[in-house]
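First the structure, in the form of structure tokens, and then the observations on it.
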There are 2 protein chains.
Amino acid sequence: MAMKKKVKARYDVRAKVVKAMAHTTRLFIVDELAKGPRCVCELTEMVGDDISTVSRHLSVLKNAGLVFDEKQGTSVFYSLHCRCILDFFSCLESVIKINAKEQAELAK
Amino acid sequence: MAMKKKVKARYDVRAKVVKAMAHTTRLFIVDELAKGPRCVCELTEMVGDDISTVSRHLSVLKNAGLVFDEKQGTSVFYSLHCRCILDFFSCLESVIKINAKEQAELAK
DNA sequence: GACCTTGTTTGCTATTTTGCCAAATAGCCA
DNA sequence: TGGCTATTTGGCAAAATAGCAAACAAGGTC
């Protein structure tokens with residue numbers, strides 16, 4: 001009658017990862033971490049939100065298994081867990097480009 | 001001081017697409033549409049939610065430019081706008097697999 | 001037209017997500 | 001130890017989402 005439990009569970013796992021990415025700031029952070037490890041205060045500086053907010057975003061990403069952290073002195077450096085996340089961005093760009101083209105088409 | 005407007009705008013556009021995918025049911029729907037066009041009632045049957053809920057999910061996907069709809073008699077068929085969305089799933093699976101492996105490693 | 005069937009929209013409530021501030025924690029250094 | 005810096009966590013209010021049910025719309029059929 002409804003989505004089977006097993007099937008639902010599979011999509012739940014996927015959704016967890018997608019949800020972790022589903023925020024402007026977190027997308028920015030992931031992209032930034034692609035360039036290398038960054039500490040919370042560096043990211044905070046770039047993002048411009050309160051440090052507690054940035055820390056919270058990072059914990060969301062960490063919780064989804066997208067990043068990991070390492071303590072170095074009093075700082076905490078975050079890194080991408082797996083560069084395959086970056087494929088996301090190319091997927092995204094394709095979708096966005098195609099939509100833009102479509103939009104332009106309709107505007108004619 | 002904060003993320004520059006232009007940069008933020010770019011990530012906002014991306015986030016909109018990711019957010020549209022950030023739901024168990026919507027991920028399921030996208031995957032199902034990969035197999036071909038489906039009408040709302042078919043999807044409703046599979047998902048098991050109220051038809052109004054499914055309709056709303058579809059409008060979210062449509063609004064993000066991920067799907068489009070065509071009326072056929074009294075039914076409305078939805079289709080994937082661009083198959084490149086499916087690359088998302090392979091990205092997701094990579095991430096999930098790697099995390100699972102890591103988990104197993106830690107459990108040792 | 002009356003009446004289905006299929007979908008969309010609206011109203012409403014419940015839940016989740018955001019993001020700031022303040023308090024708590026942890027590592028350094030004097 | 002005290003004080004300073006970097007980060008996390010708890011509390012809380014505002015905003016966004018989710019999902020049901022009822023009202024509404026649009027195509028068919030008789």
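Predicted model only: the values in this text are computed from it and were never measured.
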The side chain of A/Ser75 is closest to which nucleotide in this list: C/dT8, D/dT8, D/dA6? D/dA6
What is the distance, rounded to the nearest whole Å, between atom CG of B/Leu58 and atom C1' of D/dT17? 16 Å
Under 4.0 Å protein heavy-atom contact, by nucleotide of nucleotides 18-30 of chain D - B base, S sugar-phosphate only: SSBBB---SBS--
How many angstroms lie between atom OG1 of A/Thr24 and atom CG of B/Asp12, to the nearest 0.5 angstrom? 3.5 Å
Can you tell me how far C1' of D/dT7 sits from CZ of A/Arg38, to the nearest Å? 18 Å
Who are the ring pair (Phe, Tyr, Trp, His ring centres under 6.0 Å) partners of A/Phe77, not counting sequence neighbours? none
Please give, in whole Å, the distance from D/dT7 P to A/Glu70 CD? 14 Å
Looking for any heavy atom pair under 4.0 Å, which part of the strands does A/Tyr78 touch: base, sugar-phosphate only, or nothing? sugar-phosphate
Using residues 88-97 of chain B as the side-chain source, report each donor-acceptor pair under 3.5 Å to any protein atom, sequence neighbours left out, with the distance given to one decimal.
unit_1	atom_1	unit_2	atom_2	d
B/Ser90	OG	B/Asp87	O	3.0
B/Glu93	OE2	A/Arg14	NE	2.6
B/Glu93	OE2	A/Arg14	NH2	3.0
B/Ser94	OG	B/Ser90	O	2.9

Can you tell me how the ring of A/His57 sits relative to the ring of A/His23, calling it parallel under 30°, perpendicular over 60° and tilted otherwise? tilted
Can you tell me the distance, in whole Å, between the CD atom of A/Glu42 and the C1' atom of D/dA6? 12 Å
Taking less than 2.5 Å as the test, are the sulfur gamma atoms of A/Cys41 and A/Cys39 close enough? no
Contact check, side chains of B/Asn63 and B/Lys16, non-hydrogen atoms, under 4.5 Å: yes
